[in-house]
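Below: one structure, written as structure tokens.
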Amino acid sequence: MKDMRRLFLLPLMLLAGCEDQPVANGYGSTTPRYDRPIDSKSNLDRAVVPVRIGELGRNFAACNAQGEVRERATNGAMPVRAAPYEQAQQKGQLPPGSTFFICSRSMDQRWFGVVYDTAGQASRSCGVSSPVGQRRDYDGPCDSGWVASAQVRLISGVQTPPVQASDNVAKVK
């Protein structure tokens with residue numbers, strides 16, 4: 001029985017005799033610390049997230065709403081970003097009173113994916129007032145980007161062009 005106790009206590013005594021060894025550089029790891037230079041930019045400023053159109057399907061306009069820059073929310077022009085976050089590169093800006101199509105939203109609802117013409121207006125020439133066959137990235141003639149939803153005043157939905165009556169539809173007399 002004494003031998004069993006000794007066998008049990010031997011590892012405990014060996015551990016008690018171990019002494020704390022100092023860790024190199026005081027970091028708690030053998031991997032050297034990485035210090036990012038203060039002027040170094042992150043990869044977030046180079047990311048681009050395209051604006052998606054046709055999110056509601058082919059029975060609705062490619063962009064389902066219109067918005068306007070809220071004058072009180074901005075000090076001057078509202079920045080248009082390449083991706084839905086503050087660190088993203090600024091692609092352009094929209095002055096107060098500008099209108100645009102709202103085509104998509106970020107997952108957290110803090111950013112709208114917008115389409116607008118070069119004059120900063122929601123124009124039919126952008127090609128998002130009519131339905132599209134499938135969801136896709138916007139690649140039309142107008143500018144697109146991401147704006148902070150807190151700086152946007154919703155105007156209305158997008159008016160779709162009237163549907164032409166076809167020959168196979170019964171006409172009302």
Side-chain angles (χ1 to χ4, degrees), residues 25-164:
N25 300 329
Y27 297 128
S29 172
T30 57
T31 305
R33 181 176 166 176
Y34 175 73
D35 290 318
R36 181 185 301 252
I38 293 174
D39 61 344
S40 174
K41 293 186 177 184
S42 71
N43 288 334
L44 293 176
D45 64 340
R46 291 187 285 266
V48 174
V49 176
V51 173
R52 303 267 301 162
I53 61 172
E55 293 288 319
L56 295 180
R58 60 183 180 206
N59 294 327
F60 296 93
C63 294
N64 57 356
Q66 287 187 21
E68 178 180 49
V69 177
R70 291 178 61 196
E71 293 181 27
R72 292 183 180 161
T74 61
N75 293 332
M78 177 175 64
V80 178
R81 305 231 177 250
Y85 44 85
E86 195 66 37
Q87 297 86 357
Q89 179 183 18
Q90 184 173 332
K91 305 176 55 167
Q93 57 186 12
L94 291 167
S98 297
T99 59
F100 42 83
F101 295 103
I102 299 173
C103 305
S104 57
R105 300 165 193 251
S106 63
M107 293 295 275
D108 62 3
Q109 304 291 317
R110 294 177 59 199
W111 297 89
F112 288 141
V114 300
V115 171
Y116 57 96
D117 68 7
T118 54
Q121 298 298 313
S123 170
R124 284 201 172 297
S125 65
C126 294
V128 294
S129 299
S130 301
V132 293
Q134 62 187 14
R135 294 178 184 110
R136 61 180 170 84
D137 296 344
Y138 179 72
D139 61 355
C142 294
D143 293 328
S144 64
W146 295 88
V147 297
S149 60
Q151 297 177 346
V152 173
R153 183 174 72 87
L154 294 175
I155 297 175
S156 68
V158 176
Q159 299 295 324
T160 57
V163 177
Q164 300 287 332

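Given the structure is predicted, the values throughout are model-derived calculations rather than measurements.
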field: Where Pro141 and Ser125 come nearest, the two heavy atoms and their spacing
entry: CG-O, 3.3 Å
message: Distance alone, cut at 3.5 Å: any donor-acceptor contact between the side chains of Gln121 and Thr99?
response: yes
task: With sequence neighbours excluded, tell me which residues meet salt bridge (Lys or Arg N to Asp or Glu O under 4.0 Å) with Arg110.
output: none
- prompt: Just wondering, do Val147 and Val69 contact through their side chains at under 4.5 Å, heavy atoms?
  reply: no
Closest heavy-atom pair and its distance - Ala82, Ala88: N-CB, 4.3 Å
message: Are the side chains of Val152 and Glu68 in contact, using a 4.5 Å heavy-atom criterion?
response: no
field: side chain to side chain contact (heavy atoms under 4.5 Å, CB included) partners for Arg136, two or more places apart
entry: Ile53, Val132, Asp139
query: Under 4.5 Å between any side-chain heavy atoms of Cys126 and Asp117, yes or no?
result: yes
statement: Asp137 and Pro50 have their tightest heavy-atom pair at OD2-CG, 3.4 Å
- prompt: When rounded to the nearest 0.5 angstrom, what distance separates OG in Ser149 from CZ in Arg105?
  reply: 8.0 Å
query: How far does CD of Gln66 sit from CZ of Arg153, to the nearest 0.5 angstrom?
result: 11.0 Å
task: Could you tell me the separation between the CE atom of Met78 and the CD atom of Gln90, rounded to the nearest 0.5 Å?
output: 10.5 Å
- line: Heavy atoms of Cys103 and Val115 approach each other most closely as SG-CG2, 3.6 Å
- request: Flag the pair Cys63 / Phe100 as yes when at least one side-chain heavy-atom distance between them is below 4.5 Å, and no otherwise.
  value: no
message: Could you tell me if the side chain of Pro79 sits less than 4.5 Å from the side chain of Gln151, heavy atoms only?
response: yes
query: Taking C-beta and beyond as the side chain, do Trp146 and Ser104 meet within less than 4.5 Å on heavy atoms?
result: yes
- request: Any chance you could measure Gln134, atom CD, to Arg58, atom CZ, to the nearest 0.5 Å?
  value: 10.0 Å
- line: Output for pair (Ser106 OG, Phe112 CZ), nearest 0.5 Å, gives 8.5 Å
message: Walk me through whether Ser144 and Lys91 qualify under side chain to side chain contact (heavy atoms under 4.5 Å, CB included).
response: CA-CA 9 Å; Ser144 64; Lys91 305 176 55 167; 4.3 Å; yes
message: On a heavy-atom basis, which atom in Tyr85 and which in Ala47 lie closest, and how many Å separate them?
response: OH-CB, 2.8 Å
